[in-house]
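FYI, the numbering just counts along the sequence from 1.
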Amino acid sequence: MLVFCLHRFYTFYASYDQGLFDQLFWNTIHGRIFQGSLSSGQSSAYTQDGQIQTVFYCHLGQHFVIDFLLWMPIYALFPTGATLVVLQVSLITAAGLVLYALCRHYLPPSIAILITASFYGANAVIGPTFANFYEHCQIPFFVFSLLLALEKRKWWLFWSFLILILGIREEAGIITFGIGLYLFLSRRYPRLGLAVCLISFSYVTVVTNVVMPLFSNDNSRLYLTARFDQYVPGNNSPSTLQLLWGIITHPKELIQSLFTPVDRRVKYFLGQWLPLAFIPVISPAAWTVAGPPLLVLLMQDGKSALAMSIRYALTVVPGLFYGTILWWSQHQEQFQPSFRRWWIRFIALSILFTITSNPNRAFYFLVPESTHPLVYVPLTRQWEHVGHIRSLMQYIKSDASVSATTFLLPHLATRLEIIRLPAVQLRLASGQIIDVDFAFADLWQLQQYQPASKGDRQKLQDLVAFIDQLLTQGKYGLVDVQDGVVLLQKKIISQPETITHWLEWKAEIQKNSNI
């Protein structure tokens, strides 16, 4: 996993959010706590109100990710985006080891090994790990650690990991609420379960309604409105309490969200259950612990919530695996050689389906993006292209301001002033608005994928027109054009041969893609 993840990063397939979190870490270790111009590019002030992005925007208004402070010392030693890639894979790996210890509390090695193999072979684990760095990569490790502390009755560790889970993100309390609900309903620790439920609900309520609005109202404007608008119609900035009341008072919309579209939900459940040989289906504990985060995913609009290769899938994983452990602890006689063979086949199938789905294009050099038409980038050709990107990147000094296309951002993010093309203006801490020093675009990658993607085709068309506009206005001049990678610099004059290269490349893509 680490090899493939680093390969994805170094061949420029990591995208916007990888750069966003890299800049967030870099700014924090330099005293600008949780600030970032790339985070500003995701704010409602920019995306909805059309304001200019700022270098001093605080990410905590979007997501309350205070656990990142735990990893800042590691990042300070190795301040690069690759560090976050290694951190994400390491946390998932460590989670599997804690899971094995949790299994061994109840089960013999034969079953514990297969459950651990199920974790490492699950699409819902592999897919998100191949994605950009996200706060969700902490969830399995912290939740399995909390559950292990519970089983060992190490109460100081239990409460410590509960705090750590809540600090992952503002809605992480939904995960711990499921754990508390299980402890209460199963009557194992009813008082503890009730306390965990109350703490979890209170944390989510206070953080989202009191703390985060101190930084911005982006959580409600960007996420609650976009994903749950069917429950709060006409409210462009609902609070979590207003959303909860909207869900209660809109039972028809709730039922519709939970069960439709049916095919997508069936596919999602099968993907989650497959590596565990479908045991979670018959485990009451699995339904109870995983129930609250699962309900939140089912209630959301859009396709991303139920995508197996996206980070949200990890919120359900710990509950399913814990429920499976508890089920096997009471049915060990069912672990027969024939079932063991089928279980191994299910794990193998899960891995096969994961690879062939090419999650987050991690296997772009093995699995075509499309067969009709054939869209495929050979490994040697991609690394050749990487050389051209690196060659042009040398012109951009470490303290220069830059605007770049999505897949270039993660490799330029360790700076104060960086945004995504086509934006070229940025507001500094002094209030001054500047045009960035460099505009950097990788058009070649869009060219490769545009036959199979209308979105990439439109982006390519828009960026070509935008670069022509910058050149016509005279604000920027061409530094160089190599293999469809274009670098422009403010207040320079383009050399005739560079303009010729640009015109020749434009003519080539217009001929081949009708742009």
Within a 6.0 Å radius of atom [atom1] on [X], are there more than 12 heavy atoms belonging to other residues, nucleotides or ligands?
{"X": "Phe56", "atom1": "CZ", "answer": "yes"}
{"X": "Gln425", "atom1": "CD", "answer": "yes"}
{"X": "Phe466", "atom1": "CZ", "answer": "yes"}

For residues 305-317, tabulate all N or O donor-acceptor pairs below 3.5 Å that involve a side-chain atom, not counting sequence neighbours.
residue, atom, partner, partner atom, Å
Arg311, NH1, Tyr134, OH, 3.4
Tyr312, OH, Arg227, NH2, 3.1
Thr315, OG1, Tyr312, O, 2.7

Under 6.0 Å between ring centres, would you say that holds for [X] and [Y]?
{"X": "Tyr100", "Y": "Phe119", "answer": "no"}
{"X": "Trp273", "Y": "Phe269", "answer": "yes"}
{"X": "Trp155", "Y": "Tyr189", "answer": "yes"}
{"X": "Phe363", "Y": "Phe130", "answer": "yes"}

### Task
Could you tell me how the ring of Phe141 sits relative to the ring of Phe161: parallel (under 30°), tilted (30 to 60°) or perpendicular (over 60°)?
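If you compare the ring of Phe141 with that of Phe161, the planes turn out perpendicular.
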### Query
Parallel, tilted or perpendicular for Tyr449 and Tyr13, by the 30°/60° rule?
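Rings of Tyr449 and Tyr13: perpendicular, as their planes differ by over 60°.
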### Task
Can you tell me which residue pairs pass the side-chain hydrogen bond (donor to acceptor under 3.5 Å, both in side chains) test with a partner in residues 192-204, sequence neighbours excluded?
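Qualifying pairs, neighbours excluded: Thr176-Ser200.
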Between [X] and [Y], a side-chain donor and acceptor under 3.5 Å:
{"X": "Tyr75", "Y": "Thr28", "result": "no"}
{"X": "Tyr364", "Y": "Arg8", "result": "no"}
{"X": "Ser350", "Y": "Asn123", "result": "no"}
{"X": "Ser39", "Y": "Gln62", "result": "no"}
{"X": "Asn132", "Y": "Ser15", "result": "yes"}

Taking the side chain as every heavy atom from C-beta outward, state whether [X] and [Y] have any atom pair closer than 4.5 Å.
{"X": "Leu488", "Y": "Lys475", "result": "no"}
{"X": "Phe440", "Y": "Ile389", "result": "yes"}
{"X": "Phe34", "Y": "Val65", "result": "yes"}
{"X": "Leu487", "Y": "Ile396", "result": "yes"}
{"X": "Thr205", "Y": "Leu241", "result": "yes"}
{"X": "Ile419", "Y": "Tyr46", "result": "no"}

### Task
Mind checking the CG-OG1 spacing from Asn209 to Thr240? Nearest 0.5 Å is all I need.
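Those atoms lie 3.5 Å apart.
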#### Entry: Residue pairs involving residues 392-422 (criterion ring pair (Phe, Tyr, Trp, His ring centres under 6.0 Å); sequence neighbours excluded)
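Counting only pairs at least two positions apart or across chains, the ring pair (Phe, Tyr, Trp, His ring centres under 6.0 Å) contacts touching residues 392-422 are Phe9-His411, Phe12-His411.
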### Task
Dump the intermediate steps for salt bridge (charged side-chain N to carboxylate O under 4.0 Å, His left out) on Asp437 and Arg415, then the final yes or no.
CA-CA 13 Å; Asp437 298 323; Arg415 66 187 67 233; over 6 Å; no
